[in-house]
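Sharing a structure below in C-alpha cells format, with a few things to ask.
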Amino acid sequence: NAGVMQNPRHLVRRRGQEARLRCSPMKGHSHVYWYRQLPEEGLKFMVYLQKENIIDESGMPKERFSAEFPKEGPSILRIQQVVRGDSAAYFCASSPMGVGRNTEAFFGQGTRLTVV
Amino acid sequence: GNSVTQMEGPVTLSEEAFLTINCTYTATGYPSLFWYVQYPGEGLQLLLKATKADDKGSNKGFEATYRKETTSFHLEKGSVQVSDSAVYFCALGGTDKLIFGTGTRLQVFP
C-alpha cells in the first residue's frame, strides 16, 4: 500500500506564474489536509477536504490560493501569481476518516516550492 | 481555540543523554495527542500517540504520557542516538484537523 504521494518534490516558479501541487492520498483515504511549512517554522494548517468538498479552509489565504479534491484523481493545491513569500514546503496528509480520537494522519514527503 | 505550545530549540545533546521535549496544550473536549518526527528533507512520520488521559504512547525508545491535569504531553527518551537528530512536532487532534506546535529541533552529537 503506497503512502501519500506528492509531486513534484521540488518546484521552481518565477514571480507571477502559477504553481500546481498534487497529492494522491493513501488507498482508501477520502480525507486530505494541506499544510504549509515556512523555513524554520512549524506546520500551518491550510485546508481540509473530502472528496468533492471543502470542509475547512480557515487557514487558506483568501486570494490566489485554491484547493480541490475531485471524485477522481489527486487533490490539487493551486497558487496563482506566486510571490516570493509563497516559497515554502507544502505537505499533504490523508486519513481514512476525520482526524480525531485514535485516527492519525499520514503525511507525504512534501513539495518544496521556490519562487524566484 | 485549540493550540499547542512546544519548547523552543534547538536542543543539543551528547549521545546517550536523557531527552525531554516539553509540550502543553489548550483544548476543549478530549483531544488525542501525537508526536511526529521530521528528518531532514522528509515529511512527517508519526512517532507515537495517546488518545485519553493517562495513556502512555511509546515507540523506538520514546515515551510520552497524556496528562490532563497539567495539559501536557512531554516527549522523553532515556538515551538518545545521533540518528535521533530531527525536528519533533507535538500535535493535537480530536477536531477536524491536526494542530501542530512550532517544532523542536534536536541535535545529537557523538
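We name chains A, B, ... by the order of the sequence lines, and we start the count at 1 in each one.
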* To do: Would you verify whether the NZ or CZ of B:K97 falls within 45 degrees of the ring axis of A:Y48 while also being under 6.0 Å from that six-membered ring's centre?
  =>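 No, a cation-pi geometry is absent between B:K97 and A:Y48.
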
* To do: Indicate if B:Y88 and B:L19 have the same hydrophobic cluster label, given that clusters are the connected sets of ILVMFWY residues with side-chain heavy-atom separations under 4.5 angstrom.
  =>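 Hydrophobic grouping puts B:Y88 with B:L19.
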
* Asked: Does the side chain of A:L43 reach to within under 4.5 Å of the side chain of B:F89, using non-hydrogen atoms?
  ->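 The answer is yes, as the side chains (C-beta and beyond) meet within the 4.5 Å cut-off.
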
* What do you reckon, is CE of B:M7 surrounded by more than 12 foreign heavy atoms closer than 6.0 Å? ->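 Atom CE in B:M7 is packed in, count exceeds 12.
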
* **Part of B:Q45 within contact of chain A (heavy atom distance under 4.5 Å)** =>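 B:Q45 has no heavy atom closer than 4.5 Å to chain A.
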
* Could you tell me whether A:R9 atom CZ has more than 12 heavy atoms of other residues or ligands within 6.0 Å of it? =>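 Check passes, neighbour count above 12.
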
* Answer with yes or no whether the hydrophobic clustering places B:V11 together with B:L75; edges join I, L, V, M, F, W, Y residues whose side-chain heavy atoms lie under 4.5 Å apart. =>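 Same hydrophobic cluster.
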
* Asked: Does A:Y35 use its side chain to pair, donor to acceptor, with the backbone of B:F100 at less than 3.5 Å?
  ->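 Side chain of A:Y35 to backbone of B:F100: no pair is present.
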
* ILVMFWY network linking B:I21 to B:L48, side-chain heavy atoms under 4.5 angstrom ->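 As far as the 4.5 Å side-chain criterion goes, B:L48 and B:I21 are connected within one cluster.
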
* Residue A:E63 excluded, over 12 heavy atoms near CD under 6.0 Å ->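 Result for CD/A:E63: open.
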
* At a heavy-atom separation under 4.5 Å, does A:Q6 approach chain B through its side chain, its backbone, both, or neither? ->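 No part of A:Q6 comes within 4.5 Å of chain B.
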
* **Contact class of A:S58 relative to chain B, heavy atoms under 4.5 angstrom** =>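 Just its side chain gets close to chain B.
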
* Asked: To the nearest 0.5 Å, how far apart are CG in B:L44 and CD in A:Q109?
  ->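 With rounding to 0.5 Å, CG (B:L44) is 11.5 Å from CD (A:Q109).
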
